[in-house]
Amino acid sequence: MSASSADAADEVEVVLVKAGRTKIRYRAALLADDGTRITVRAPWAGEGVRDFGFVRFEPGDVFTEHYWRDRWYAVKEVRAASGALKGWYCDVTRPAVRAGAELVVEDLDLDLWCSADGTDVRRLDEDEFAASGLARTDPEAASAALAALDELEALARGGGLSAPPA
């Protein structure tokens, strides 16, 4: 399914689910949906500032988010209000599901950060992933999640996040 120029102006509601509960939902402009990859743009949806130590997400930041129906991750380009690239925040997720104006993504705890200059690539929340019990309750999903994190790290170290894979 290819998005026409009229469709590109539509909005979707991104619904991030974690451990069976909705973690956050927010409106985003639908930029493209080619049937495999869905690209949206949205302002920082969190409340106030979230300081990770290596990056701050704050009001005015803009996220261009790429989701796939056939991949176990999402790649989010993060820009400051000024337009300056901060980097890429990547979530390991089950493949995205879009039903009409709703885009549902299940977060599997693992994340990856890559700074704008590519010198800071870090795997995040591996402790949360281990504590989630996914390896015990759904070993196939846990294996896919770990493989996705490895793939994201390889993309980041190879400079491939600036043009997310098709």
Side-chain angles (χ1 to χ4, degrees), residues 12-26 28 36-59 61-80 84-98 102-166:
V12 295
E13 186 167 35
V14 178
V15 181
L16 184 63
V17 176
K18 187 170 182 177
R21 293 189 328 245
T22 298
K23 182 177 175 183
I24 190 170
R25 50 187 332 127
Y26 54 91
T36 302
R37 181 170 73 179
I38 304 156
T39 302
V40 302
R41 182 169 295 132
W44 164 239
E47 294 193 17
V49 174
R50 179 126 188 239
D51 191 341
F52 291 93
F54 51 88
V55 66
R56 286 171 49 102
F57 296 158
E58 50 203 334
D61 286 353
V62 176
F63 287 65
T64 301
E65 306 173 355
H66 305 276
Y67 298 94
W68 286 266
R69 290 178 172 95
D70 64 351
R71 298 197 185 153
W72 287 70
Y73 57 78
V75 175
K76 301 173 180 181
E77 177 190 271
V78 184
R79 292 189 176 269
L85 179 64
K86 290 185 174 188
W88 296 269
Y89 194 91
C90 305
D91 288 317
V92 173
T93 67
R94 290 185 189 269
V97 176
R98 180 174 172 212
E102 193 171 74
L103 177 62
V104 180
V105 184
E106 184 180 347
D107 186 344
L108 297 177
D109 293 309
L110 294 170
D111 301 299
L112 183 117
W113 169 254
C114 179
S115 62
D117 64 5
T119 60
D120 184 9
V121 176
R122 38 178 97 209
R123 296 165 74 111
L124 305 168
D125 304 327
E126 289 176 295
D127 55 337
E128 287 180 31
F129 177 75
S132 76
L134 189 64
R136 184 185 75 262
T137 60
D138 191 345
E140 288 182 25
S143 178
L146 290 168
L149 185 61
D150 289 342
E151 183 179 343
L152 285 166
E153 184 175 13
L155 283 168
R157 294 197 185 283
L161 293 179
S162 60

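Computed over heavy atoms, backbone and side chain alike; hydrogens, waters and symmetry mates excluded.
Ile24 approaches Gly46 most closely through the heavy-atom pair CD1-N, 4.5 Å. The shortest non-hydrogen separation linking Thr39 to Thr64 is CG2-CG2, 3.9 Å. Between Leu85 and Val78 the shortest heavy-atom distance is CD1-O, 3.5 Å. Across Glu77 and Trp88, no two heavy atoms sit closer than the pair CA-CD1, 3.6 Å. In terms of heavy-atom proximity, Leu110 sits nearest to Asp125 at CD2-O, 4.1 Å.
In this structure, Arg25 places its CZ atom where more than 12 heavy-atom neighbours from other residues, nucleotides or ligands lie under 6.0 Å away.
The line from CD of Glu151 to OH of Tyr73 is 3.5 Å long, rounded to the nearest 0.5 Å. Taking NZ of Lys76 as the reference point, atom CZ of Arg41 lies at 14.5 Å (rounded to 0.5 Å). Once rounded to the nearest 0.5 Å, the distance linking CG of Leu161 with SG of Cys114 reads 5.0 Å. To the nearest 0.5 angstrom, Asp120 atom CG is 5.0 Å from Ser115 atom OG.
Within the 4.5 Å cutoff, side-chain heavy atoms of Asp117 are placed close to those of Thr119. A 4.5 Å side-chain heavy-atom check between Phe63 and Val14 finds every atom pair outside the cut-off. At least one side-chain heavy atom of Pro59 sits less than 4.5 Å from a side-chain heavy atom of Val49. Residues Val12 and Val40 have side chains in contact (heavy-atom distance under 4.5 Å, counting atoms from C-beta outward). Residues Leu103 and Ile38 are in side-chain contact: their nearest non-hydrogen atoms beyond the backbone lie under 4.5 Å apart. A 4.5 Å side-chain heavy-atom check between Glu106 and Thr93 finds every atom pair outside the cut-off. Residues Lys23 and Val105 have side chains not in contact (no heavy-atom distance under 4.5 Å, counting atoms from C-beta outward). Here the side chains of Val75 and Trp68 are in contact, with some heavy-atom distance below 4.5 Å.
A donor-acceptor contact closer than 3.5 angstrom is absent between the side chains of Thr36 and Arg69.
Here Glu58 pairs with Arg56, Lys86 under the side chain to side chain donor-acceptor pair (under 3.5 Å) rule; sequence neighbours left out.
Between the Trp72 side chain and the Ala148 main chain, no donor and acceptor come within less than 3.5 Å of each other.
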Please step through side chain to side chain contact (heavy atoms under 4.5 Å, CB included) for the pair Phe52 and Asp111, ending with a clear verdict. CA-CA 13 Å; Phe52 291 93; Asp111 301 299; over 6 Å; no
Decide side chain to side chain contact (heavy atoms under 4.5 Å, CB included) for Lys18 and Leu16; before the verdict, give the C-alpha distance in whole Å, the side-chain angles of both, and the deciding distance to 0.1 Å. CA-CA 7 Å; Lys18 187 170 182 177; Leu16 184 63; 5.8 Å; no
All N/O donor-acceptor pairs, side-chain side in residues 135-145, below 3.5 Å, sequence neighbours left out:
from, atom 1, to, atom 2, distance (Å)
Thr137, OG1, Gly133, O, 3.3
Asp138, OD1, Ala141, N, 3.2
Asp138, OD2, Arg94, NH2, 3.0

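Remark: of the listed residues Val92, Leu146, Leu149, Leu146 is the sole one forming a side-chain contact (heavy atoms from CB on, under 4.5 Å) with Phe129.
Ring-plane geometry between Trp113 and Tyr89 is classed as tilted, the angle between the planes lying from 30 to 60 degrees on a 0 to 90 degree scale.
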